[in-house]
Amino acid sequence: MRGLTFHGVGDVRVDDVDEPTVLAPGDAVVRVTLAGICGSDLHAYQAGDVFGFLPGIRLGHEFIGTVEAVGGDVRRVRPGDRVLAAVLAACGRCAHCAEGLPSSCPSRSSFGWAPRAWRSEGEIQGAQSEMMRVPFADATLDPMPEALAGPEHEASLLPVVDVLSTAWHGLRRAGVKAGDAVVVIGDGAVGLSAVHGASALDAAPIVSLGHHPDRLAVAERLGATATVSSRDADEIREGVLELTGGMGAHVVIDTVASQTSMETAFACVRAGGTIATMGMEHFKAGTLSVNWVDQYLRNVTITGGYVPGKRYFPELLPLVEAGRLEPSPLLTHRLPLDDAPDAYRMMAERVDGVIKVAVAP
Ligand SMILES: [Zn+2]
Ligand SMILES: [Zn+2]
């Protein structure tokens, strides 16, 4: 079969690779029908050496598809079922899984990540491939709602797997409720998802901060009530204060997580407010400094964290089915799997009009 393989920084290719098989009784093999390219795949593409990627690793962790085969212990899905997969495989039985944090499961493996993130037996390969082996299938796959199982709904479902779940995790961790002023830093797919999720939670105003006019236009389409495009922290702060009655935001969702974005978050958050960091730039920086004096004096809560697998699928899927969430504008391009290296280039170079590219095997 064909699979998108990491060969080195800036070098990914679609190669002939071995087809996965059921290795353990809890496994499923899924035929991938659509796989997303994520901002975190770009981290691998641009700095895979830092993250421990080795040549031969296949990338991708956002996928939907059809179950092809299951092991003897799998109960919740059957061959032929249309499914969404979590971005990680976790046991579903340990204390962390029971507490809704499969991302901290001691048996957790992240799809399409470096081998040090494989804790299940065997290879845990990436989803930009024709087929995927999925460990702990009962805890890792959810059947699609029947009304959304057709191919015409794939562009609305794929964002649920990661970017919308990640954004929703930030919104939930920050306790966003109706009427809250929300500022979202970053106009990538997670930032736009946070804007969209905040609008489904009836937050207002919702202010999108970014640097790309085409993406800020999508932010408005997905629920932003205002956008601010500036690299100057004072200017951003003034803009946000003006939009929030001089108070600042109840919640800032920082989808970048760099030193600059953290400082912007503090500039925008009101006293007693919450900052949720949902980005990954700090992986590259190693550490960020936080203004703890400001945090203390103004009672700012800092939260955020790694998406807890498919924990939010049961909340998000009914909202998609009801049309309250319609995230398909995030998927701006769909290419055949064989063109995946071009898709990486388009995303890495931030070609105008490109937000997220999905590949169809
Ligand atoms: Zn992702
Ligand atoms: Zn577990």
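Sequence positions, counted from 1, serve as the residue numbers for this chain. Counting starts at 1 for both ligands and their atoms, in listed order.
- Rounded to 10°, the angle that OD2 of Asp162 and NE2 of His61 form at the Zn ion (ligand 1) is 100°.
- Of all the N, O or S atoms in Glu62, the one closest to the Zn ion (ligand 1) is OE2.
- Ionic pairing of Arg2 and Glu130 is not present here: no N-O contact between side-chain nitrogen and carboxylate oxygen is shorter than 4.0 angstrom.
- Phe6 and Phe53 have tilted rings, their planes meeting at an angle from 30° to 60° on a 0 to 90° scale.
- Our summary of the site lists the angle at the Zn ion (ligand 2) between SG of Cys94 and SG of Cys105 as 110°, to the nearest 10 degrees.
- The Zn ion (ligand 1) has no N, O or S atom of Asp41 closer than 2.8 Å.
- Between the side chains of Arg13 and Thr5, no donor-acceptor pair of N or O atoms lies under 3.5 Å.
- Using cut-offs of 30° and 60° on the angle between ring planes, the pair Phe111 and Phe63 is perpendicular.
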